[in-house]
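To start, the structure itself, in structure tokens.
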Amino acid sequence: MASNEKVPFLDLVTPHVELEPELLAVCQKVFRTAGFIGGPMVEEFEREFAKYCDTICCVGLANGTDAVRFALMAAGVQPGDTVVTVSHTFIATTEAISQAGAHIQFVDIDERTYCMDPLKLQEYLEKKCHRDPATGKLLDNKTKSPVTAVVPVHLYGQVADMDAILELANRFKLLVVEDACQAHGAEYFSKKENRWRKAGSIGQVGAFSFYPGKNLGACGEAGAATTNDEEIARKMRMIRDHGQAKKYYHDIEGYNGRLDALQAGFLTVKLRHLADWTRGRQEAAKRYQHLFGKAEGVVTPLQPDISRHVYHLYVVRVLDRTGLQKHLADAKIDTGIHYPVPLHQQKAYAHLGYKAGDLPVTEKIAPQIVSLPMFPHLQGEQQARVVDKVLEFVGQPVLSRTT
Ligand SMILES: Cc1ncc(COP(=O)(O)O)c(C=O)c1O
């Protein structure tokens with residue numbers, strides 16, 4: 001490639017051009033049946049995605065935020081409860097908690113994986129909560145609110161340390177809703193069970209987003225929740241459809257959170273390509289790793305033995321993130337930041353009363369992270385240019401041309 005050609009952060013056009021005939025056939029089918037909402041195309045996708053995630057049920061939804069919110073509600077989180085999650089995530093995770101009527105409690109992340117640190121969860125549960133002798137409920141010491149659920153976020157495509165999180169959840173009787181919105185097909189090796197487990201099949205419910213830029217993306221908004229619990233699935237189906245199981249008979253007040261047939265059809269087509277696309281991402285990550293080698297001044301993603309990362313994002317850390325982004329932008333290389341301001345320091349959550357220093361790892365990494373170009377069709381030469389420019393900036397010998 002020419003040395004001044006732009007390296008995009010993400011290429012959403014190429015896969016759609018490649019799949020255009022199949023995607024147009026979906027449109028034709030929907031137009032000819034006028035089955036726009038629900039129906040066989042949604043059910044087919046739900047069956048296929050459940051199979052892909054190794055779960056019994058999948059409930060198609062309007063987006064990933066609804067998936068986290070409906071999952072919490074259907075699993076049994078009540079208004080006034082406390083739900084524990086991380087601050088280093090997209091705000092949808094915590095919007096879903098608040099909108100389910102619950103309080104948000106943040107714990108810090110593991111500096112190596114950027115996912116929830118089980119030791120910090122343990123510390124919160126053991127030191128900042130107590131059991132109410134009258135009801136047996138676990139209460140937050142300060143707010144006296146019952147702590148009922150934990151939402152680990154499989155950030156960037158890497159599954160959180162679920163053995164440790166599940167052990168704590170069992171010990172403290174917490175529901176577990178996995179925010180797998182960035183982790184389609186990611187896997188975790190459970191030492192306890194001596195087997196690989198898919199993201200979204202480990203807790204009571206898994207929540208997925210199919211926002212277009214996700215590893216499995218719709219051509220618009222879409223989401224889903226996966227579970228092995230038929231009763232939770234039944235409740236989520238009701239919640240997504242105005243609280244009705246039978247038309248116009250409303251057992252509860254619900255929402256309009258359904259997946260439409262067109263998106264389900266597109267997703268069924270794309271799901272057949274997801275394994276190849278994931279392989280493309282994993283190979284690109286391996287190439288980045290090889291090109292960076294042992295360069296100092298840049299921290300590359302950790303790939304622990306217990307995890308098969310699907311690289312929704314390829315995030316590195318440097319001390320001067322702003323400088324690096326400018327250096328790369330000058331070389332026509334696009335980058336992103338996921339996410340610049342931790343949630344506990346956002347204006348929207350000022351009322352929660354967190355102070356600087358409360359979540360030291362989250363606060364340390366937030367100004368250092370930068371997401372490099374990552375998508376299945378990313379070319380080796382594009383990556384070599386990215387790495388050359390990063391190494392040039394951090395003052396390391398440029399390795400890529402000699403490896
Ligand atoms: C970690 C995480 N949780 C939740 C969501 C919400 O998904 P959606 O945008 O489909 O509502 C996203 C999507 O960006 C996400 O990245």
Side-chain angles (χ1 to χ4, degrees), residues 35-39 41-43 45-46 49-50 55-85 90-105 135 137 140 143-151 173-181 200 203-211 218 220-264 348-349 351-352:
F36 295 109
I37 307 287
M41 288 173 81
V42 170
E43 286 159 20
F45 174 68
E46 289 177 336
F49 195 64
T55 57
I56 296 169
C57 310
C58 167
V59 179
L61 299 168
N63 54 67
T65 315
D66 279 355
V68 182
R69 177 169 47 151
F70 297 171
L72 289 166
M73 294 167 74
V77 168
Q78 299 293 319
D81 286 2
T82 288
V83 175
V84 190
T85 191
F90 182 53
I91 192 168
T93 312
T94 46
E95 284 172 333
I97 294 171
S98 304
Q99 290 162 10
H103 301 289
I104 302 159
Q105 174 65 48
T135 62
K137 284 184 177 172
D140 180 284
T143 62
K144 310 287 184 274
S145 147
V147 182
T148 56
V150 57
V151 180
K173 299 193 176 57
L174 304 178
L175 301 160
V176 179
V177 170
E178 296 168 70
D179 182 336
C181 286
Q204 270 82 27
V205 198
F208 289 88
S209 165
F210 305 122
Y211 188 75
E221 302 276 1
T226 49
T227 181
N228 288 317
D229 186 322
E230 308 259 12
E231 181 53 18
I232 292 178
R234 186 189 68 79
K235 284 190 186 149
M236 288 194 292
R237 286 196 184 98
M238 276 178 62
I239 295 169
R240 78 174 169 184
D241 195 16
H242 299 291
Q244 62 188 359
K246 184 174 163 196
K247 201 166 170 113
Y248 302 136
Y249 290 81
H250 307 275
D251 294 356
I252 53 168
E253 224 184 48
Y255 294 83
N256 177 357
R258 297 167 299 222
L259 172 62
D260 68 64
L262 206 49
Q263 299 306 337
Y349 291 126
H351 63 279
L352 296 181

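We use all heavy atoms of the structure for the numbers below, so side chains are in, but hydrogens, waters and symmetry mates are not.
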- With side chain to side chain contact (heavy atoms under 4.5 Å, CB included) as the test, would you mind laying out the steps for Asp251 and Met238 before giving the verdict? CA-CA 8 Å; Asp251 294 356; Met238 276 178 62; 3.4 Å; yes
- Query: Which pair of non-hydrogen atoms, one from Ala261 and one from Gly38, has the smallest distance, and what is that distance?
  - Reply: CB-O, 3.9 Å
- Task: Under the side-chain contact (heavy atoms from CB on, under 4.5 Å) rule, collect the residues that match up with Ala218, sequence neighbours excluded.
- Result: Phe210, Ala222, Gln263, Leu267
- Task: Might you point out which heavy atoms bring Gly200 and Glu178 nearest each other, and give the distance in Å?
- Result: N-OE1, 2.8 Å
- Message: Please find the pair of heavy atoms, one from Thr227 and one from Ala233, that lie closest to each other, and give the distance.
- Response: CG2-CB, 3.9 Å
- Roughly how far apart are Asn256 CG and Ile239 CD1, rounded to 0.5 Å? 13.5 Å
- Item | Exam field: side chain Ser145 to backbone Gly80, donor-acceptor pair closer than 3.5 Å | yes
- side chain to side chain contact (heavy atoms under 4.5 Å, CB included) between Val42 and Arg258: does it pass, once the steps are laid out? CA-CA 10 Å; Val42 170; Arg258 297 167 299 222; over 6 Å; no
- Residues in side-chain contact (heavy atoms from CB on, under 4.5 Å) with Gln78, at least two apart? Asp81
- Task: Give the minimum heavy-atom separation between Arg234 and Glu231, together with the two atoms involved.
- Result: NH2-OE2, 2.7 Å
- State whether the number of non-hydrogen atoms from other residues, nucleotides or ligands found under 6.0 Å of Lys173 atom NZ is greater than 12. no
- Query: Taking Leu61 as the fixed residue, which of Glu221, Arg237, Arg69, Arg240 is the one that meets the side chain to side chain contact (heavy atoms under 4.5 Å, CB included) rule?
  - Reply: Arg240
- Message: How close do Ala67 and Ala224 get, counting heavy atoms only, and between which atoms?
- Response: CB-O, 3.4 Å
- Task: Would you mind reporting whether Met236 and Val205 have side-chain heavy atoms less than 4.5 Å apart?
- Result: yes
- Note on the structure: One should read off an interatomic distance between Glu46 CD and Thr226 OG1, to the nearest 0.5 angstrom, of 11.5 Å
- Item | Separation of Tyr349 OH from Thr94 OG1 (nearest 0.5 Å) | 3.0 Å
- Query: Minimum heavy-atom separation for Ala102 to Val83, with atom names?
  - Reply: CB-CG2, 3.8 Å
- Item | Criterion side chain to side chain contact (heavy atoms under 4.5 Å, CB included) on His242 and Tyr255, from CA distance to verdict | CA-CA 5 Å; His242 299 291; Tyr255 294 83; over 6 Å; no
- With respect to Ile97, which candidate in Val84, Thr85, Thr82, Val177 satisfies the side chain to side chain contact (heavy atoms under 4.5 Å, CB included) definition? Thr85
- Note on the structure: Taken to the nearest 0.5 Å, the spacing of Thr65 OG1 from Asp179 CG works out to 9.0 Å
- Message: Tell me every residue that passes salt bridge (Lys or Arg N to Asp or Glu O under 4.0 Å) with Asp140, counting only those two or more places apart in sequence or in another chain.
- Response: none
- Query: How many angstroms lie between atom CD of Gln204 and atom CG of Leu72, to the nearest 0.5 angstrom?
  - Reply: 11.0 Å
- Message: Closer than 3.5 angstrom, by distance alone: can the side chain of Asn228 be matched with the main-chain N or O of Ile56 as a donor-acceptor pair?
- Response: yes
- Query: Out of curiosity, Leu175 CG to Asp229 CG, how far, rounded to the nearest 0.5 Å?
  - Reply: 10.0 Å
